[in-house]
Amino acid sequence: MSKSERLQPDQLRSHRYLGPDDLRSFGHRSRQKQSGFSTEEFAGKPVIGILNTWNDLISCHAHFRQRAEEIKRGVWQAGGFPVEIPVMGLSETFMKPTSMYYRNFLAMETEEVLRTYPIDAAVLMGGCDKTTPALLMGALSADVPSIVMPGGPMNKTSWRGEPLASGTDVWKYWAERGAGRLSCDSWCELEDHIAASPGHCMTMGTASTMTALAESMGMTMSGASSVPATHSGHSRMAAATGRAAVEIAWRDLRPSQVLTAQAFENGMTALMALGGSTNAIVHLLAMAGRSRVGLSLEDFDRISQRTPVLANLRPTGKYVMGDFFEAGGLRALLARISDLLHLEAGTVEFRTLGESLEGAECYDDDVIRTRDNAICESGSLAVLRGNLAPDGCVIKPAAAEQDLLRHRGPAVVFRDYPDLKARIDDPSLQLTRDHVIVLQSAGPLGAPGIPEWGMLPLPRYLLEQGVRDMVRISDSRMSGTSYGACVLHVSPESFAGGPLALVRTGDMIELDVEARTLNIDVTEAELASRREQWEPPEPRFTRGYGKLYEEQTTQSHEGCDFRFLHHDGSDPPPPAIH
Ligand code: FES
């Protein structure tokens, strides 16, 4: 990562497309001129690909067309040649069955776009949940110099004098409506206020978590992930990212040089200190699978046990991302845990993480807590194992009612999500807060796409009694904006024959977060007998993306990437085909 080694213009990847005096390069140059550019504008300059995940249905990225222009401004300023390339926008709200089903699709598209076009460096425009990990997965596989431009959180907003948190408060007010305490008109009024500007969800949900992790791992400009999407500083950051992209092109700084084992440890440490989304576990595992870095679920538990939660952000805390920015943002938080970080890790700004944190200050000790006043001293995420999850599962203890973290109760089993929706409010089930709600067929293959169903709904009649949390177990994920005693990512999943498929209503379930265990109190002989009777479901897809997905998707503890896209120990393919 030394600044001393600088490529010559004829060493750029793009030179192979645009430089030589041959027939193909003639074609390439003539088509640049067809677009209205003269030779002086592109000859000998790094080509910067701006991978824009904008579309009309990804409202979190509504500002991305303007930001792409600002990135171009920075690229021109630094002597590069910008080219904007639209890639699939993964809209968390609109994509069905779930945007996660298409994360690997965008990762593949990113990898191949970077490989096939004459790109010397890329700006990855990510924000809404799955976009950031998908772009990074693709960039890691192509190993073309890349920098992330985080989309930024949406504006703070309020309703009837109460601050609102996108995502998190949807769940809260939906529960209130279920309990009969919110009218239909009020619910409709809430629609006007819950997402009041461009930008990703302003809680510490998956989007905020993943952009913060990209910064902690050295893949953004310092401070970039905390800037609100509509703040003028976001435009300035976009232009600065464009300038930085030109520099990483000249220095040929590859993602594999930045996303080292140290960077992954820094990312996991930031995840814990932020009280971030459980989804980050799946995404970091997938990113590690694209690199030479070995990562397992136990690494997350190990780092969780040594890292305090300092960010007082919803859904586990009180504030939203706008408050976090005003309090000093991610740099202030990382500075408070600098002893837990690999400060010597490099960044796309050609300085160490430690150097990028110099001068970071916190301006509000309630938003970013001090070490002696942490939200919780450690253990924001816990990895559990047991006979119900031999390959592991996760829970976010800080987001649960604490008495439920050690719990024994009878299971009530729903065979899939439609079954859950149809029967959860049926009073004849006679559920109490002691029951454990179990959902099957909600995992990577079963749903498919491991949707965010993990915050399973509570029965309406228990909501009316004031119950707000119960132990819930599934092989699905949970939105980073959700909360509750929800055991997630049970692996292997039920659809693939994991023990979750064998649970029956009435079985006693034992959860012990402190002991890191999740067990079903059924004899081995009985489980073996049930396994004998279990019939694997028929494959759902005979063609298309679904077939590829079904054949290649790994389980949650492996990151749910496609098997054939894992780094297999061989050298990465050459970045340019020409
Ligand atoms: Fe885009 Fe929440 S819906 S980040």
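Every number for a ligand or one of its atoms is a count from 1 in the order of the listing.
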On the 0 to 90° scale, with breaks at 30° and 60°, tag the Trp187-Trp174 ring pair as parallel, tilted or perpendicular.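 Aromatic pair Trp187/Trp174 classed tilted.
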Which value, rounded to the nearest 0.5 Å, describes the distance between Ile50 atom CD1 and Met125 atom CE?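 Reported to 0.5 Å precision, the distance equals 7.5 Å.
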Any chance you could measure Leu341, atom CG, to Ile337, atom CD1, to the nearest 0.5 Å?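 So the gap between those two atoms works out to 4.5 Å.
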Ligand-residue contact atoms, ligand 1 with Glu92, heavy atoms, under 4.0 Å: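 Under 4.0 Å from Glu92, ligand 1 has these atoms: 3 (S).
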Show every donor-acceptor pair shorter than 3.5 Å between a side-chain atom in residues 395-402 and any protein atom, with sequence neighbours excluded, or say none if there are none.
from	atom 1	to	atom 2	distance (Å)
Lys396	NZ	Gly275	O	3.2
Lys396	NZ	Gly276	O	3.2
Glu401	OE1	Arg433	NH2	2.8
Gln402	NE2	Pro397	O	3.0
Gln402	NE2	Ala400	O	2.7

Is Cys60 close enough to atom 1 (Fe) of ligand 1 that one of its N, O or S atoms comes in under 2.8 Å?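 Short answer: yes, at least one N, O or S atom is under the cut-off.
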Atom 1 (Fe) of ligand 1 reached by Cys128 (N, O or S, under 2.8 Å):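 It does: Cys128 brings an N, O or S atom closer than 2.8 Å to atom 1 (Fe) of ligand 1.
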Please set out all donor-acceptor pairs under 3.5 angstrom arising from side-chain atoms of residues 279-288, sequence neighbours excluded.
from	atom 1	to	atom 2	distance (Å)
Asn279	OD1	Arg477	NH1	3.1
Asn279	ND2	Thr206	OG1	2.8
Asn279	ND2	Glu452	OE2	2.9
Asn279	ND2	Met478	O	3.2
His283	ND1	Arg103	NH1	3.0

Taking heavy atoms and a distance under 4.0 Å, where does Ala207 meet ligand 1: side chain, backbone, both or neither?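 The answer is the side chain.
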Is the distance from atom 2 (Fe) of ligand 1 to the nearest N/O/S atom of His200 under 2.8 Å?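 No - counting backbone and side chain alike, His200 has no N, O or S atom under 2.8 Å.
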